[in-house]
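Worksheet for the structure shown next.
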Amino acid sequence: QVQLVESGGGLVQAGGSLRLSCAASGSIFSIGNMGWYRQASGKQRELVADISRGGSTNYADSVKGRFSISRDNAKRTVDLQMNSLTPEDTAAYYCNADINSGGRGPQKYWGKGTLVTVSS
């Protein structure tokens with residue numbers, strides 16, 4: 001069974017940094033786009049950043065210059081380095097990946113999320 005497992009969330013003071021990691025495991029033939037989304041309490045889930053298999057990246061305007069997404073195709077991981085954190089970054093962060101495990105083709109998978117709380 002394919003799964004994505006996030007780690008690295010926690011409590012940090014404003015101005016601090018955290019690094020989130022996500023590892024894909026299971027019966028996987030290939031992985032396409034990978035990304036990070038977040039959902040703050042009472043808000044809609046939004047894209048934070050994503051990255052193609054070839055390394056092309058996209059960032060939400062709110063995190064440009066502060067966050068950096070990267071991936072390791074061999075290890076099947078995607079990371080999100082978060083710097084200069086503010087209370088507005090407080091949210092549950094979810095890993096997402098397009099994974100081909102055979103059968104009907106690529107499907108979107110989601111991790112269960114990791115909480116990031118930025119205190120002021």
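The structure displayed is predicted, hence computed values, not measured ones.
Between the side chain of Arg71 and the backbone N or O of Ser52, at least one donor-acceptor pair lies under 3.5 Å. For Asn96 (side chain) and Tyr109 (main-chain N/O), a donor-acceptor pair under 3.5 Å exists by modelled atom type. A donor-acceptor distance shorter than 3.5 angstrom exists from the side chain of Thr114 to the backbone of Gly9, with no hydrogens or angles considered. A donor-acceptor distance shorter than 3.5 angstrom exists from the side chain of Arg66 to the backbone of Ser84, with no hydrogens or angles considered.
Tyr94 carries Arg45 over the face of its six-membered ring, with the cationic atom under 6.0 Å from the centre and within 45° of the normal.
Distance check, rounded to the nearest 0.5 Å: CZ of Arg76 to CD1 of Ile31 gives 5.5 Å. In this structure, Ile51 CD1 and Ser56 OG are separated by 8.0 Å, a value rounded to the nearest 0.5 Å. Distance CD/Gln81 to OG/Ser70: 8.5 Å, rounded to 0.5 Å. Atoms OG and OH, from Ser68 and Tyr59 in turn, are 4.0 Å apart once rounded to the nearest 0.5 Å. Interatomic distance, CG of Asn58 versus NZ of Lys64, reported as 8.0 Å (0.5 Å rounding). Note that CG of Asn83 is 9.5 Å distant from CZ of Arg19, once rounded to the nearest 0.5 Å.
Under the 4.5 Å side-chain criterion, counting only non-hydrogen atoms from C-beta, Leu85 is in contact with Phe67. Put simply, the side chain of Asp50 does not reach to within 4.5 Å of the side chain of Thr57, judged on heavy atoms.
Sorted by first then second residue, the side-chain hydrogen bond (donor to acceptor under 3.5 Å, both in side chains) pairs that include residues 20-33, not counting sequence neighbours, are Ser21-Asp79.
Between Lys112 and Glu6, no side-chain nitrogen of the basic residue sits less than 4.0 Å from a carboxylate oxygen of the acidic one, so the salt-bridge criterion is not met.
Listed by chain and residue number, nothing satisfies the salt bridge (Lys or Arg N to Asp or Glu O under 4.0 Å) test with Arg53 (two or more places apart in sequence, or in another chain). For Tyr37, the ring pair (Phe, Tyr, Trp, His ring centres under 6.0 Å) partners are Trp110, not counting sequence neighbours.
Taking both residues in full, the closest heavy atoms of Val78 and Cys95 are given as CG1-SG, 3.8 Å, listed atom of the first, atom of the second, then distance. Contact record, Ala60 with Leu47: CB-O, 3.4 Å, taken as the closest heavy-atom pair. Nearest heavy atom pair, residue Leu80 against residue Ala49, reads CD1-CB, 4.3 Å. Residues Ile99 and Ala24 share a closest heavy-atom pair of CD1-CB, 4.3 Å. A pairwise comparison of heavy atoms in Val118 and Thr90 identifies N-OG1, 2.9 Å as the closest pair.
In the model, Thr77 has no side-chain atom that pairs as donor or acceptor with a side-chain atom of Asp72 under 3.5 Å.
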Working note: Ser62 + Arg38, criterion side-chain contact (heavy atoms from CB on, under 4.5 Å); need CA distance, chi angles, decisive distance, verdict.
CA-CA 12 Å; Ser62 60; Arg38 67 186 182 187; 3.4 Å; yes

Determine, step by step, whether Val12 and Ser17 satisfy the side-chain contact (heavy atoms from CB on, under 4.5 Å) criterion, reporting the C-alpha distance in whole Å, the side-chain angles of both residues, the deciding distance to 0.1 Å, and the verdict.
CA-CA 7 Å; Val12 64; Ser17 298; over 6 Å; no

Does the side-chain contact (heavy atoms from CB on, under 4.5 Å) test come out yes or no for Tyr93 and Val48, once each step is laid out?
CA-CA 9 Å; Tyr93 284 71; Val48 177; 4.1 Å; yes

Go through it in stages, so that I can follow the logic: the residues are Met82 and Asp89, the test is side-chain contact (heavy atoms from CB on, under 4.5 Å), and I'd like the CA-CA distance, side-chain angles, deciding distance and then a yes or no.
CA-CA 9 Å; Met82 305 186 295; Asp89 296 315; over 6 Å; no

